[in-house]
Amino acid sequence: MDRRKFVQFGVAAGGALLASQAFGQNAKPGAAPARPAPKRAVFPGGQVAVTTPNGVTLPLKEKDGLKIGHLVAMPVKHTFAPGLEGDCWGYNGRTPGPTIEVVEGDRVRIYVTNKLPEPTTVHWHGVILPNGMDGVSGLNQRPIKPGETFVYEFTFRHAGTYMYHPHFDEMTQMALGMMGMIVVHPKRPKGPAVDRDFVLMTHEWKITPGSRRPDPNEMTDFNVLTFNSKAFPGTEPLVVGRGERVRIRFGNLSAMDHHPIHFHGLTFETTWTDGGEIPAAARHPETTVLVPVGSTRVIEFVPDELGDWAFHCHMTHHVMNQMGHGMPVMVGANARKIDPRVQSLVPRYMTMGQSGMGDMAEMGMPVPKNSIPMGGGPGPFGSIDMGGMFTILKVRDNPETADPKGWYTHPKGTQAERAEEALLKADGIDPEATFG
């Protein structure tokens with residue numbers, strides 16, 4: 001069933017609890033997300049370790065001056081959000097693969113084992129390294145056949161935020177989830193130290209409602225948009241402290257789309273691209289950062305307003321879970337004659353979208369198995385009618401003890417609410433006034 005038919009037959013979205021991902025496997029729906037780890041100054045200059053929401057960092061062991069890690073390319077059973085699971089490909093049992101975190105000047109040896117049904121390679125996207133380690137199949141190396149293990153060894157010469165992904169049948173393999181982030185901390189950091197450092201990879205998928213396998217042939221009609229391969233309400237919130245300096249590193253290996261990531265409640269500066277650090281004199285305040293396809297962007301900010309603040313891709317169809325577009329315009333239509341006729345064939349039919357789409361997530365109508373059409377998740381005041389590439393920055397006075405699932409309590413007089421008649425009258429506002 002395509003999305004147009006899906007909407008026409010009265011499918012509405014359901015919300016669900018926040019989901020989290022345990023190490024090496026997906027957590028069960030409803031499981032509490034892990035609390036934010038205490039700040040750890042473990043890198044030169046007091047740099048804190050990165051946090052990958054819904055993800056992990058690749059374990060590296062040290063031997064003879066090398067840092068050694070192991071990536072296994074393999075099929076992955078993945079939960080995008082409660083109610084939507086996929087048969088994906090990834091690394092070490094997950095998509096995206098583990099974040100690789102090192103220091104400028106580190107020499108690494110990464111073993112790559114192929115457990116896919118076809119060959120693969122790994123390209124270290126944006127990293128300057130010897131040509132034979134670049135991972136382009138047929139150009140720099142022969143492909144890694146199923147069952148083989150290759151070894152890559154090189155030095156991270158430059159600090160920055162990079163990515164890794166296959167360079168064999170990349171259209172298919174990346175569409176199925178094979179990608180990961182790389183963080184190279186500077187040996188001698190400049191500027192103010194950050195208190196929290198997050199990594200988020202944006203991606204887009206086509207998953208036909210009711211199916212499990214992402215469609216690698218899609219070029220335009222993507223219907224599942226994710227941060228770290230999770231669609232809201234499956235995305236873990238980012239819990240930070242008021243007055244803390246926060247860094248977020250974005251990577252984009254989407255097939256076709258750039259993503260303008262917009263923040264509520266704060267301004268930030270873009271401090272790095274995948275090409276290097278931006279000089280302080282060239283930075284300026286923004287509320288939206290454009291992350292182009294195949295690029296990384298790093299932002300830093302200091303939040304000073306407590307609360308639960310949304311941040312999301314500002315392409316509106318990118319914050320809807322499946323079926324957000326590709327349907328007839330029904331806004332303003334009168335379906336009183338249509339519905340009885342269709343109900344004689346489909347008893348539970350209702351024409352959707354006559355008065356907009358905002359309340360569809362709360363209507364509770366049945367949906368096909370393994371689908372999350374048009375829905376977001378529960379909020380403290382009702383359904384949050386956004387999904388996809390959407391998550392929440394939770395600014396707290398005590399972030400170490402704050403409950404990641406808890407909602408902000410607004411002090412009296414600081415929240416929008418229904419206007420009382422006496423206030424309307426005092427300010428000369430007539431709700432029944434007509435214009436034009």
Side-chain angles (χ1 to χ4, degrees), residues 7 10-18 232-233 235 237-240 242-243 262-267 285 287-288 303-321 323-325 327 329-340 348 350-365 373-388 390-398 402-436:
V7 169
V11 179
L17 294 175
L18 291 171
F232 184 78
T235 51
L238 280 60
V239 182
V240 304
R242 175 165 58 175
H262 173 63
F263 281 74
H264 296 212
L266 57 85
T267 63
T287 64
T288 304
D304 59 10
E305 285 285 346
L306 295 172
D308 298 324
W309 298 103
F311 74 91
H312 55 91
C313 181
H314 217 289
M315 290 185 175
T316 54
H317 288 194
H318 290 189
V319 287
M320 303 183 80
N321 285 330
M323 294 176 40
H325 48 302
M327 57 188 172
V329 177
M330 298 301 294
V331 176
N334 187 337
R336 285 180 295 179
K337 294 183 178 180
I338 299 174
D339 287 2
R348 300 188 67 180
M350 288 176 57
T351 300
M352 292 296 178
Q354 301 168 70
S355 56
M357 300 291 192
D359 60 354
M360 290 182 69
E362 297 183 319
M363 296 185 69
M365 295 186 67
M374 299 288 290
F381 305 103
S383 175
I384 299 172
D385 67 345
M386 303 177 81
F390 174 97
T391 191
I392 299 170
L393 183 78
K394 292 179 175 285
V395 182
R396 300 291 188 263
D397 277 326
N398 299 294
D403 180 3
K405 295 177 65 177
W407 298 106
Y408 178 64
T409 301
H410 300 86
K412 184 175 178 60
T414 67
Q415 182 184 17
E417 56 187 356
R418 179 186 296 176
E420 299 292 339
E421 186 173 347
L423 184 62
L424 290 168
K425 185 175 181 180
D427 286 342
I429 303 298
D430 180 7
E432 304 300 323
T434 57
F435 300 92

Quick one, [X] and [Y] - any side-chain contact, counting heavy atoms below 4.5 Å?
X: Phe232; Y: Ile392; result: yes
X: Phe390; Y: Thr235; result: no
X: Leu306; Y: Asp397; result: yes
X: Phe381; Y: Gln415; result: yes
X: Thr288; Y: Phe263; result: no

Answer yes or no: is there an ion pair linking Arg396 with Asp403, defined by an N-O contact shorter than 4.0 Å?
no
How far apart are the closest heavy atoms of [X] and [Y], and which atoms are they?
X: Tyr408; Y: Pro411; answer: OH-CD, 3.4 Å
X: Pro404; Y: Pro237; answer: O-CG, 3.4 Å
X: Pro378; Y: Ile384; answer: O-CD1, 4.1 Å
X: Thr287; Y: Leu266; answer: CG2-O, 3.7 Å
X: Ala402; Y: Val239; answer: CB-CG1, 4.2 Å

Output the distance between atom [atom1] ([X]) and atom [atom2] ([Y]), rounded to the nearest 0.5 Å.
X: Ile429; Y: Glu432; atom1: CD1; atom2: CD; value: 13.0 Å
X: Glu305; Y: Leu393; atom1: CD; atom2: CG; value: 12.5 Å
X: His264; Y: Phe311; atom1: NE2; atom2: CZ; value: 10.5 Å

Starting from the C-alpha separation in whole Å, work towards a yes-or-no answer on side chain to side chain contact (heavy atoms under 4.5 Å, CB included) for Val395 and Trp309.
CA-CA 8 Å; Val395 182; Trp309 298 103; 3.7 Å; yes
Classify the ring geometry of His314 against His312: parallel below 30°, tilted from 30° to 60°, perpendicular beyond 60°.
tilted
Ignoring hydrogens and geometry, is there a side-chain-to-backbone donor-acceptor pair from Lys394 to Gly406 under 3.5 Å?
yes
